[in-house]
Amino acid sequence: MIKEYRSPPVTGENALLYYEPIVNALMAYDPSLAAEDIAFNAPPSLEMGDVAIPMFSIAKKRKTAPAVLAQEIAAKVNFGAYVSSAAAAGPYVNLKLDRNRVGYEITRAVLKAGTQWGGGGTGKGKRVLIEHTSINPNASPHVGRGRCAMIGDSVTRLLRFEGYDVEVHYYVNDMGRQIGLLVLVAEELEGITFDEILDAYVTANKRAEEDPEFAARGYEMLARIEAGDSGIKEKFFRVTELCLKGQLKVLQRLGAQYDFFDHESAYVNDPRLAVIEEALEKKGALFTDEDGRRVVDLSRLGYPLEEGRYFVLRRANGSSMYGCRDLLYSLDKHERGADVNLMVLGEDHKLYAQQMALILEAAGIAAPEVVYYSYILLSDGKMSTRQGKVVLLSDFLDQAAALALQRVMEQFPDLPADEHRQIAEQVAVSAIRFAVLRVKPTKNVIFDMESALSFQGDTGPYVQYCCARIRSILRKWGRPVPDPVPETFIADTDSEWALLNAMAAFPKVITESAAQRNCAQVANYMLDLAHAFTGFYHECQVLSSQDEARLHSRLQLCRAALYTLSNALGILGIDTPERM
RNA sequence: GCCCCGAUAGUUCAGUGGAUAGAACGAGCGCCUCCUAAGCGCUAAACACAGGUUCGAUUCCUGUUCGGGGCGCCA
């Protein structure tokens with residue numbers, strides 16, 4: 001038995017040629033039917049048929065029993081040239097398609113679109129602004145922070161693939177009491193390096209806990225910046241830039257790309273805050289409390305609960321809170337006028353983002369759309385910086401690359417060292433990106449070092465390997481893959497057919513994933529596709545095919561599968577090596 | 001205490017208002033004179049619990065339990 005691709009065929013905008021004739025045939029048979037009444041399913045097995053039409057909703061409209069209707073439709077409707085037979089099975093009509101003919105259409109569509117195959121173009125002419133990662137500049141990023149970067153980066157790639165014009169922003173949190181404390185400690189250490197920052201940060205926080213006077217100096221630093229002390233500002237800048245550079249080095253290794261770095265410190269003493277405050281005052285939502293803080297009462301803006309009702313903008317000493325600067329940053333992003341304003345945030349920011357949204361909207365500023373993600377947990381519990389129980393991205397990448405390097409050097413000893421290293425790095429990146437991205441953002445990712453390093457089974461390297469096998473076939477063929485010809489295209493085995501169906505589903509996956517801003521769907525689709533290809537690979541010899549028509553058809557299938565896999569991998573930010 | 005997420009094989013993840021709930025890892029058994037064994041085939045194994053809506057619920061609703069996150073001067 002071969003693996004079956006059980007997804008229904010593509011419908012709607014990305015419909016392939018064979019879908020419409022079937023709908024038209026049904027509507028011609030019964031003019032009272034509308035296109036929406038006709039749904040498509042995958043039958044439980046390929047033996048029953050290639051496409052199933054459930055009769056439930058049509059039967060309801062016609063006031064007939066579904067099974068009776070199925071009999072009638074299977075017997076009487078002429079489905080056209082793409083359908084070779086129709087059979088009723090209970091409440092379903094199962095159609096068998098003309099595989100050669102449909103296979104030709106699918107393959108031709110893929111090869112024609114090539115690197116664009118699967119993109120629906122729903123984003124053409126629309127601009128997206130996305131902000132993600134925005135890690136506090138205080139340590140080398142661990143996989144939890146990386147989840148934000150990987151999700152944001154992949155959503156960006158997904159939307160670009162759909163035709164959106166996307167600009168990526170990274171908010172540099174170069175302000176705040178904790179940065180102040182870090183600066184104080186860093187000052188004591190001559191020439192602090194990126195790798196020492198985390199220790200300094202931990203030290204700073206510990207000292208602040210034990211020593212109120214030291215803690216107070218953190219606030220004092222902030223107040224001085226707000227008062228315009230350029231010397232302190234310079235000190236902050238030195239530490240945060242050192243940190244940012246170190247972090248970006250790791251993020252770039254992952255393939256994350258950013259267009260703009262927006263600094264929080266640019267929003268200190270922004271005069272536009274007065275405009276927002278005025279809007280809040282007009283709604284009776286802003287007051288000064290008994291201790292002199294400026295506080296927003298969100299219940300005046302429609303917030304329903306007591307918890308989280310109050311939102312502090314300024315401390316009693318007049319210095320601004322994080323959210324205060326963030327409001328202005330949000331205003332800036334809003335003013336860039338993108339059609340879609342996105343941000344990727346950890347679920348710990350849910351309440352905060354809700355509060356921000358209420359304030360922004362009260363001031364007439366549309367709040368951004370948020371993609372939330374849950375934390376990454378380790379197989380033995382939560383990550384803990386203090387216990388040293390974190391997986392740093394750079395550590396993971398180093399280990400994974402070392403393993404992959406060893407492997408590829410054994411496999412292909414003659415390749416130049418540069419290429420060895422490049423392949424190893426690509427495999428390492430694919431292992432982490434795939435492991436994290438394949439899980440829906442709302443679920444915790446349980447990260448297990450051992451299985452992430454195994455490269456076996458449902459992993460990024462598995463999909464890359466699948467591509468490497470295809471490339472190997474195409475390399476041995478050594479000529480351009482001929483264009484498909486309708487009369488001679490052959491796809492009569494189950495495994496070829498399963499592969500074709502899997503490829504045909506790609507545009508729908510992309511459209512849905514883009515609409516839901518969910519790359520996990522792309523990752524899981526890719527596994528199905530890779531499995532389908534591997535089934536084909538094992539059952540159908542390509543280069544030793546007996547006749548030329550079959551040889552060409554299979555080469556075309558290989559080329560089409562490679563386009564589909566590479567396009568999908570590209571969305572997840574994963575490159576495919578020529579060999580591995 | 002209150003609010004928001006989640007719960008599917010031993011484990012990590014998919015999936016669906018309707019035909020037999022899919023993979024992978026792990027376990028057991030097989031497969032490299034054959035386009036890359038980072039692979040393939042076979043076997044065993046799951047919808048947390050209780051109600052409700054429905055012709056039909058693992059899927060929708062409510063409650064319980066468990067796990068994650070949050071709840072005014074952190075960012």
Side-chain angles (χ1 to χ4, degrees), chain A residues 1 3-4 6-7 41 43-45 48 52 54 56 66 89-92 94 134 136 138 173 175-179 205 219 264 289 291-298 304-317 319 321-323 325-326 346-352 354-355 372 374-375 377 379 382 403-404 407-408 411-412 427 435 438-448 450-451 454-459 461-466 468-477 520-521 523-525 527-528 531 534-535 537-544 554 558 579-580:
Chain A
M1 266 306 281
K3 296 247 164 49
E4 291 164 15
R6 292 166 64 97
S7 222
N41 269 336
S45 79
M48 300 174 76
F56 300 104
Y92 296 89
N94 292 330
S134 305
N136 286 345
N138 57 25
N173 301 128
M175 285 282 297
R177 185 186 71 114
Q178 284 165 13
I179 303 298
N205 281 292
Y219 285 118
E264 185 186 342
D289 75 0
D291 297 315
R293 300 175 276 243
R294 294 291 277 166
V295 181
V296 184
D297 179 357
L298 296 166
L305 301 170
E306 190 56 32
E307 298 82 27
R309 172 180 166 184
Y310 297 107
F311 188 90
V312 177
L313 287 183
R314 288 178 178 284
R315 300 182 179 94
N317 70 2
S319 68
M321 297 279 291
Y322 174 82
R325 288 160 245 143
D326 204 9
E347 63 176 340
D348 52 329
H349 282 65
K350 250 182 191 174
L351 174 61
Y352 170 76
Q354 203 182 334
Q355 293 169 327
Y372 293 103
S374 299
Y375 282 18
L377 310 176
S379 40
K382 297 182 205 181
L403 279 173
R407 188 69 177 277
V408 77
Q411 196 97 343
F412 302 101
V427 169
R438 73 176 289 219
V439 182
K440 277 182 296 194
T442 49
K443 285 179 73 157
N444 290 108
V445 170
I446 314 287
F447 187 84
D448 178 49
E450 200 183 326
S451 59
S454 86
F455 309 152
Q456 283 188 3
D458 287 354
T459 62
Y462 171 78
V463 184
Q464 288 177 311
Y465 183 70
C466 188
R469 283 173 145 180
I470 301 175
R471 290 188 193 281
S472 172
I473 292 174
L474 297 177
R475 209 165 45 237
K476 290 196 167 142
W477 169 245
Q521 217 180 118
N524 286 297
Y525 163 76
L527 283 177
D528 288 340
H531 284 305
T534 308
Y537 180 87
H538 280 276
E539 287 207 4
C540 301
Q541 279 290 310
V542 178
L543 296 173
S544 59
R554 288 183 174 170
C558 285
R579 59 199 105 210
M580 62 184 277

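Residue numbering restarts at 1 for every chain, and letters A, B, ... go by the order of the sequence lines.
- Residue-level contact check: A/Gly90 touches neither bases nor backbone, having no heavy atom under 4.0 Å from any strand.
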Enumerate all atom pairs, one protein N or O and one N or O from nucleotides 32-34 of chain B, separated by less than 3.5 Å.
none

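- Counting to the nearest Å, the P atom of B/G15 and the CG atom of A/Asn524 are 6 Å from each other.
- Comparing B/A38, B/C13, B/G70 against the side chain of A/Tyr465 picks out B/A38 as the nearest.
- By the 4.5 Å heavy-atom criterion applied to side chains, A/Arg407 and A/Val427 are not counted as neighbours.
- Considering only residues two or more places apart in sequence or on other chains, A/Asp458 meets the side-chain hydrogen bond (donor to acceptor under 3.5 Å, both in side chains) condition with A/His531.
- The residue A/Asn205 sits apart from the nucleic acid: no heavy atom pair falls under 4.0 Å.
- In this structure, the nucleotide among B/U20, B/U36, B/U12 sitting nearest to the side chain of A/Lys476 is B/U36.
- The side chain of A/Arg407 contributes an N or O atom lying less than 4.0 Å from OP1 or OP2 of B/A38.
- Residues meeting the side-chain hydrogen bond (donor to acceptor under 3.5 Å, both in side chains) test with A/Asn138, sequence neighbours left out: A/Tyr201.
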With both pairing distances under 3.5 angstrom for Watson-Crick or G-U wobble, and | for a partner in another strand, the correct string for RNA chain B is (((((((..((((....[...)))).(((((.......)))))....(((((..]....))))))))))))....

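- Taking atom NE2 of A/His538 as the reference point, atom P of B/C42 lies 12 Å away to the nearest angstrom.
- Residues passing the side-chain contact (heavy atoms from CB on, under 4.5 Å) test with A/Asn444, sequence neighbours excluded: A/Glu347, A/Ser374, A/Tyr375, A/Leu377.
- Inspection of the A/Tyr310 and A/Asp289 side chains reveals no N or O donor paired with an N or O acceptor under 3.5 Å.
- Residue contacts for A/Phe455: at a heavy-atom cut-off of 4.0 Å it reaches a base atom on one of the strands shown.
- Applying the side-chain contact (heavy atoms from CB on, under 4.5 Å) criterion to A/Tyr537, with sequence neighbours excluded, gives A/Arg469, A/Ile473, A/Phe533.
- Across all strands shown, A/Asp291 has heavy atoms under 4.0 Å from base atoms, whether or not it also approaches the sugar-phosphate.
- Listed by chain and residue number, A/Phe396 satisfy the ring pair (Phe, Tyr, Trp, His ring centres under 6.0 Å) test with A/Phe447 (two or more places apart in sequence, or in another chain).
- For A/Arg309, the side-chain hydrogen bond (donor to acceptor under 3.5 Å, both in side chains) criterion is met by A/Asp297, A/Ser299, A/Glu306, not counting sequence neighbours.
- Side-chain proximity of A/Lys382 to B/G39, B/G70, B/G68: nearest is B/G68.
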Each nucleotide in nucleotides 1-11 of chain B should get exactly one letter: B, S or -. Can you fill that in based on protein heavy atoms under 4.0 Å? BSSSS------

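- Note on A/Arg438: every side-chain N or O is 4.0 Å or more away from OP1 and OP2 of B/G15.
- Shown here are the side-chain hydrogen bond (donor to acceptor under 3.5 Å, both in side chains) partners of A/Gln411, two or more places apart in sequence or in another chain: there are none.
- Within 4.0 Å (heavy atoms only), A/Met175 reaches sugar-phosphate atoms of the nucleic acid but no base atom.
- Listed candidates were B/C35, B/C13, B/A38. Nearest to the side chain of A/Val439 is B/C13.
- Remark: A/Glu264 engages A/Tyr171, A/Asn173, A/Asp174, A/Met175, A/Tyr322, A/Arg325 in a side-chain contact (heavy atoms from CB on, under 4.5 Å) (not counting sequence neighbours).
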Restricting to nitrogen or oxygen on both sides, can you table the protein-nucleotides 56-66 of chain B pairs closer than 3.5 Å?
none

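- Checking B/A14, B/C35, B/A38 against the side-chain heavy atoms of A/Val427 singles out B/A38 as nearest.
- Judged by atom type and distance alone, A/Asp348 does not reach the base of B/A75 through any side-chain donor-acceptor pair under 3.5 Å.
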